[in-house]
Amino acid sequence: MKFKIVTWNVNSIKTRVDQLIGFIKVHNPDIICLQELKCEEKSFPLDFLSHLPYNFYIHGQKTYNGVAILSKFPADEIKVDFLNNPLPDQARFIEICFSNFLGLCRIVCLYAPNGGEVGGDKFRTKLEFYDQFISYVSSLISYDEKLFICSDFNIAPFDIDVHNPEMLKADTCFTYTEKAKMRTLLNLGLVDNFRITHQAKKEFSWWDYRAGAFEQNKGMRIDSIISTTNSIRFLEDCFIDYKMRTLEKPSDHAPVVAIYA
DNA sequence: ATGGTCGGAACCCGA
């Protein structure tokens with residue numbers, strides 16, 4: 001038995017629907033967490049996707065944000081927000097749980113705020129968002145289930161996760177303060193699936209559209225699947241499918257895939 | 001090099 005989870009910031013699901021279908025044909029994941037749908041649930045392109053063997057759990061929003069979980073397993077429970085979220089009107093969170101051969105599984109799909117200018121209002125809200133999210137996750141950790149958080153965290157955790165740590169240390173997504181939030185989250189008892197399977201690999205999941213960043217591989221690893229330690233003995237591999245970033249009209253993010261067996 | 005390029009919406013905003 002295999003269990004395959006994907007997280008992908010699509011930067012508009014309507015624009016990326018053909019790429020998503022192609023990706024599903026190649027990888028056939030059990031769970032697909034999508035971020036930045038940029039559409040409401042009623043305009044989610046189900047016409048093109050509903051023939052696929054998934055249950056669709058969508059928390060949409062017009063123009064901005066929007067998250068979804070495509071799951072081969074029907075959900076026993078669905079949540080579209082977490083306690084004390086400082087941005088409750090922004091569709092950045094959806095969570096489901098179900099059972100499979102691993103036991104009880106809980107999947108959190110998160111689109112963390114970007115943060116804007118370091119030190120600005122949006123930056124402070126990002127830190128507050130993390131504080132409340134960490135508090136929420138700490139309440140889930142004690143559950144006797146496997147927890148998978150699939151996210152565009154908008155934080156690159158360590159020096160190895162950015163192309164130039166010295167140049168970026170004062171920039172949003174790589175400040176000391178943001179990295180500290182990421183460590184606090186991981187220290188609750190979660191493992192970064194990519195980093196534990198590839199300890200020395202300098203690979204990225206996001207590259208700016210501007211200034212030929214992808215061509216020069218000037219990116220950041222800000223998208224991850226992190227899971228509770230009880231799932232790690234089943235983890236076979238975790239990789240970033242950067243080929244998706246080479247396609248015509250790509251998302252600025254590449255999908256991250258984790259395989260459990 | 002403080003620019004550059006996308007997507008969705010309305011001709012700007014967020015990333």
Side-chain angles (χ1 to χ4, degrees), chain A residues 7-21 23 33-49 58-68 85-93 109-130 133 150-156 161-175 177-179 181-182 204-224 240 242-256:
Chain A
T7 187
W8 187 23
N9 179 321
V10 287
N11 187 16
S12 166
I13 185 60
K14 286 184 208 168
T15 303
R16 234 60 71 189
V17 67
D18 290 340
Q19 290 185 15
L20 176 61
I21 290 166
F23 179 86
C33 294
L34 302 174
Q35 300 90 31
E36 278 207 270
L37 304 178
K38 294 186 171 179
C39 75
E40 292 177 290
E41 184 174 352
K42 66 183 181 200
S43 48
F44 189 91
L46 275 180
D47 291 352
F48 300 96
L49 295 167
I58 300 159
H59 184 198
Q61 184 183 332
K62 192 193 247 182
T63 311
Y64 305 113
N65 312 310
V67 287
N85 178 1
L87 297 169
D89 299 327
Q90 302 186 2
R92 296 181 173 277
F93 176 96
C109 174
L110 180 78
Y111 174 46
N114 171 283
E117 286 270 298
V118 174
D121 285 349
K122 283 183 183 170
F123 191 81
R124 280 189 290 277
T125 307
K126 177 182 191 175
L127 300 179
E128 171 68 8
F129 184 95
Y130 262 96
F133 182 69
C150 304
S151 176
D152 173 358
F153 286 105
N154 266 313
I155 299 175
D161 299 311
V162 299
H163 72 277
N164 188 337
E166 192 53 38
M167 199 173 80
L168 293 169
K169 66 183 182 190
D171 287 9
T172 304
C173 301
F174 199 61
T175 62
T177 323
E178 291 163 277
K179 288 183 278 190
K181 298 297 180 200
M182 195 67 198
F204 311 130
S205 66
W206 171 85
W207 301 259
D208 201 308
Y209 283 125
R210 296 168 288 189
F214 182 67
E215 289 70 20
Q216 298 168 71
N217 198 27
K218 291 181 177 175
M220 287 181 152
R221 195 174 68 88
I222 57 176
D223 304 88
S224 300
I240 301 166
Y242 67 89
K243 285 192 190 72
M244 294 299 289
R245 188 65 175 73
T246 69
L247 300 177
E248 283 287 306
K249 285 180 74 76
S251 168
D252 45 353
H253 297 252
V256 181

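Per chain, numbering begins at 1; letters A, B, ... match sequence-line order.
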Taking the nucleotide of DNA chain B with the nearest heavy atom to each, does A/Tyr209 or A/Gly115 sit closer to the 5' end?
A/Tyr209
Would you mind reporting whether A/Pro113 and A/Thr125 have side-chain heavy atoms less than 4.5 Å apart?
no
Whether A/Arg210 contacts B/dA15 is assessed here as follows: a side-chain N or O lying under 4.0 Å from the phosphate OP1 or OP2. Is that the case?
no
Quantified in whole Å, what is the P atom distance between nucleotide B/dC11 and nucleotide B/dA1?
36 Å
A/Asn114 side chain to A/Lys126 side chain, donor-acceptor N/O pair below 3.5 angstrom:
no
Is any side-chain heavy atom of A/Arg92 less than 4.5 Å from a side-chain heavy atom of A/Ser151?
no
Grab the CG-P distance between A/Leu168 and B/dA1 for me, whole Å please.
15 Å
How long is the span from the CZ atom in A/Phe129 to the CZ atom in A/Phe93, to the nearest 0.5 Å?
8.5 Å
Nearest-Å distance once atom P is located in both B/dA9 and B/dT5:
22 Å
Counting any heavy atom closer than 4.0 Å, what does A/Phe214 reach on the DNA or RNA strands: base, sugar-phosphate only, or nothing?
nothing
Please figure out whether A/Asp252 or A/Ile13 has its closest DNA chain B nucleotide nearer the 5' end.
A/Ile13
Starting at CD of A/Gln35 and ending at C1' of B/dA15, how long is that distance when rounded to a whole Å?
14 Å
May I ask you to verify if any side-chain N or O of A/Lys38 is less than 4.0 angstrom from the OP1 or OP2 atom of B/dG14?
no
Using atom C1' of each nucleotide, how far apart are B/dA10 and B/dG14 to the nearest Å?
14 Å
Starting at atom NZ of A/Lys218, determine the distance to atom P of B/dT5, rounded to an integer number of angstrom.
15 Å
In whole angstroms, the gap separating C1' of B/dC13 from CG of A/Asn114 amounts to 13 Å
Looking at the side chain of A/Lys122, which of B/dT5, B/dG14, B/dG7 is the nearest nucleotide?
B/dG14
Using whole Å, what does the distance between atom P of nucleotide B/dA9 and atom CD of A/Glu40 come to?
9 Å
Compare the minimum distances between each of B/dA9, B/dG7, B/dA15 and the side chain of A/Thr63, then state the nucleotide with the smallest one.
B/dA9
Donor + acceptor pair across side chains of A/Asn11, A/Tyr209 (<3.5 Å):
yes
Nearest to side-chain heavy atoms of A/Lys62, which nucleotide of B/dG14, B/dA9, B/dA15:
B/dA9
B/dG3 and B/dG7: how far apart are their P atoms, nearest whole angstrom?
23 Å
In whole angstrom, give the distance that lies between atom CD of A/Glu117 and atom C1' of B/dC13.
14 Å
To the nearest angstrom, how far is A/Leu87 atom CG from B/dA15 atom P?
10 Å
Here the distance between atom C1' of B/dC6 and atom CD of A/Glu215, to the nearest Å, is 13 Å
